[in-house]
Amino acid sequence: MTLRLFNTLTGQLDALEPADGKALRMYACGPTVYDYGHIGNFRTFLQIDILRRFLRLTGTPVRHVMNITDVDDKIIRNSAEAGVSIGEYTARYVEAFFEDLEALRIERPEQIARATEHIPQMASLVEKLARAGAAYKAEDGSWYFRLKAFPEYGKLSKKDLSGMEDGARVDVDEYEKDSARDFALWKAAKPGETSWETAIGQGRPGWHIECSAMAMEYLGESFDLHCGGEDLMFPHHENEIAQSETATHKPFARHWMHVRFLLVDGRKMSKSEGNFYTPRDLLLKGYKASAIRLALISVPYRRPFNFTFDSLTDATNAIDRLRTFQARLKAGKFAAGESKEMQEAAAEARIKYDNALGNDLNTAEALAAIFELARAANTAMDQGQFFASDRDAILPVLRDFDAVFDVIEDRDAEPARRAMAWAEQAGRMGDVAPELKAAQSLGDEAIEALVAERTTAKQARNFARADEIRKELAEKGVVLEDSKDGVRWKRK
RNA sequence: GGCGCGGUACCCAAGUGGUAAGGGAGAGGUCUGCAAAACCUUUAUGCGCCGGUUCGAUCCCGGCCCGCGCCUCCA
């Protein structure tokens, strides 16, 4: 199975394979840690997670590098306002970022690269550009990339900037540039600001240079795939290409993937519009981490995703259906043997699943394949036409589904617990949904004990007590399902 | 203004030149001590509107309307 993935550079679906025949080398633009990540950020990281997980499922190892931008204008400004160093300021957001990744079950890239830890590499890249005549130093000590040095500029975003370079309005604070479109490689130190002493002077990196320098550091001058949100296509990625390819005379990344935006209620999410959400906000409202994950991955990455609270509820219910199905398979007692229909259904679902993801990561279609299989199997079980070998054929399909989607196995308790702990510490207990508080007040052991008591009561035909327990648990969000194979409980 | 994307049932959403996946929700039913789950039936002669190409278009072409994104920091 070869993944065909849309390539922004070529404008078509291209096979995505490691150039060296071994691991796929990919670079993904990570967060700027000036605040908590929001669900828009995580939609991008989640879709990239789908990509890397699918690659691995199909037997392609990945070497995935992600940067953390821990120095930029906002960070400098905010940390100064807070009266702390930028390292101190970013530490909590870096930590929060990893917590959020874990909550959403986004796999850690093989390599995390922090901008502040790669300043020398950036400086030497600027030097290299300077030697090639593509970088120049302005009077204040800042360095700029000379756009005219890279005639192919615009090839990624398909922009033709040739006609509008000169004579264009120049911002007042950019008077030192030769041409309005030239972009900063290195910003000269300003009094009181964090800066580094390097071969190219005292200062701090421009935004784009970090990705070029770190990608080359860990993946080489030329690598397989570069990904990020659609907004990064221009100018960020365009600038990365310009500076990298000018420096190395090699293609930077062969393949470019861009995840489209998440909208909220049909509009761009922004703090000023009041439609801005972080994963933590949603967890505090009582939504499950798995529901957030599924909602954000259920619409294929090349379509905008319109986030609504309905979409989370839908995802919650869809996951519940799959979990119930898997539990039924695992707990059920099936006679030995197999049914031809089920064997075929399992095989077909697996093929459809593979083809869907292999075709530009069509998660919606992959999901459909699994639900179709679930219905067919449930029907067969209802009719007693389901056998032990059928279960053995289907469980691996679910396993492979979860290897990428990772929502069936219930790991929602920990993120919920952590979100509560965070709320307490951040003074946001007022935002915690009552249902979440209630659920958190009841541990698994307590639930098990009540379930056991109810079973005893039922055997004694004491239905009044049994119903009382059911009611008590329901009030704390725990739902019981009786079946001939025992009682199953779940948190709503 | 330039570039790009989308408009499919109550909601979300996939998809194909040959007659509409899947999920959620609603209604009815089967099953059930209760409940839940599961299953069955049901909700688009219809895929924004108007033309065109075609034996045939939701899917191709043209025009129009509506919504959105990017072009500046941004996942």
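Owing to the predicted nature of the structure, the values given are computational and were not obtained by experimental measurement. Residue numbers start from 1 in every chain, and the chains themselves are labelled A, B, ... in the order their sequence lines are given, proteins ahead of strands. Scope of the values below: all heavy atoms of this structure, side chains included, with no hydrogens, waters or symmetry mates.
Ranking A75(B), G33(B), C71(B) by closeness to the F234(A) side chain, first place goes to C71(B). Closest to the R321(A) side chain, of the nucleotides A38(B), C11(B), G67(B), is A38(B). Picking from G33(B), A75(B), G69(B) the nucleotide with the shortest atom distance to the side chain of L263(A) gives G69(B).
Using a 4.0 Å heavy-atom criterion, one finds that L232(A) contacts the sugar-phosphate atoms exclusively.
A75(B) has no base stacking with the ring of F45(A) when judged by centroids under 5.5 angstrom apart and an interplanar angle below 30°.
A gap of 40 Å separates the P atoms of G69(B) and U42(B), to the nearest Å.
At the phosphate of U72(B), OP1 or OP2 sits under 4.0 Å from a side-chain N or O atom of R181(A). OP1 or OP2 of A75(B) sits under 4.0 Å from a side-chain N or O of N41(A). In this structure, W207(A) reaches the C74(B) phosphate: one of its side-chain N or O atoms is under 4.0 Å from OP1 or OP2. For the OP1/OP2 pair of A14(B) and a distance below 4.0 Å, the side-chain nitrogens and oxygens of N362(A) include no atom meeting the criterion.
Within a 6.0 Å sphere centred on NZ of K190(A), other residues, nucleotides and ligands contribute 12 heavy atoms or fewer.
Heavy-atom distances to RNA chain B give each of F261(A) and D482(A) a nearest nucleotide, and the one nearer the 5′ end belongs to D482(A).
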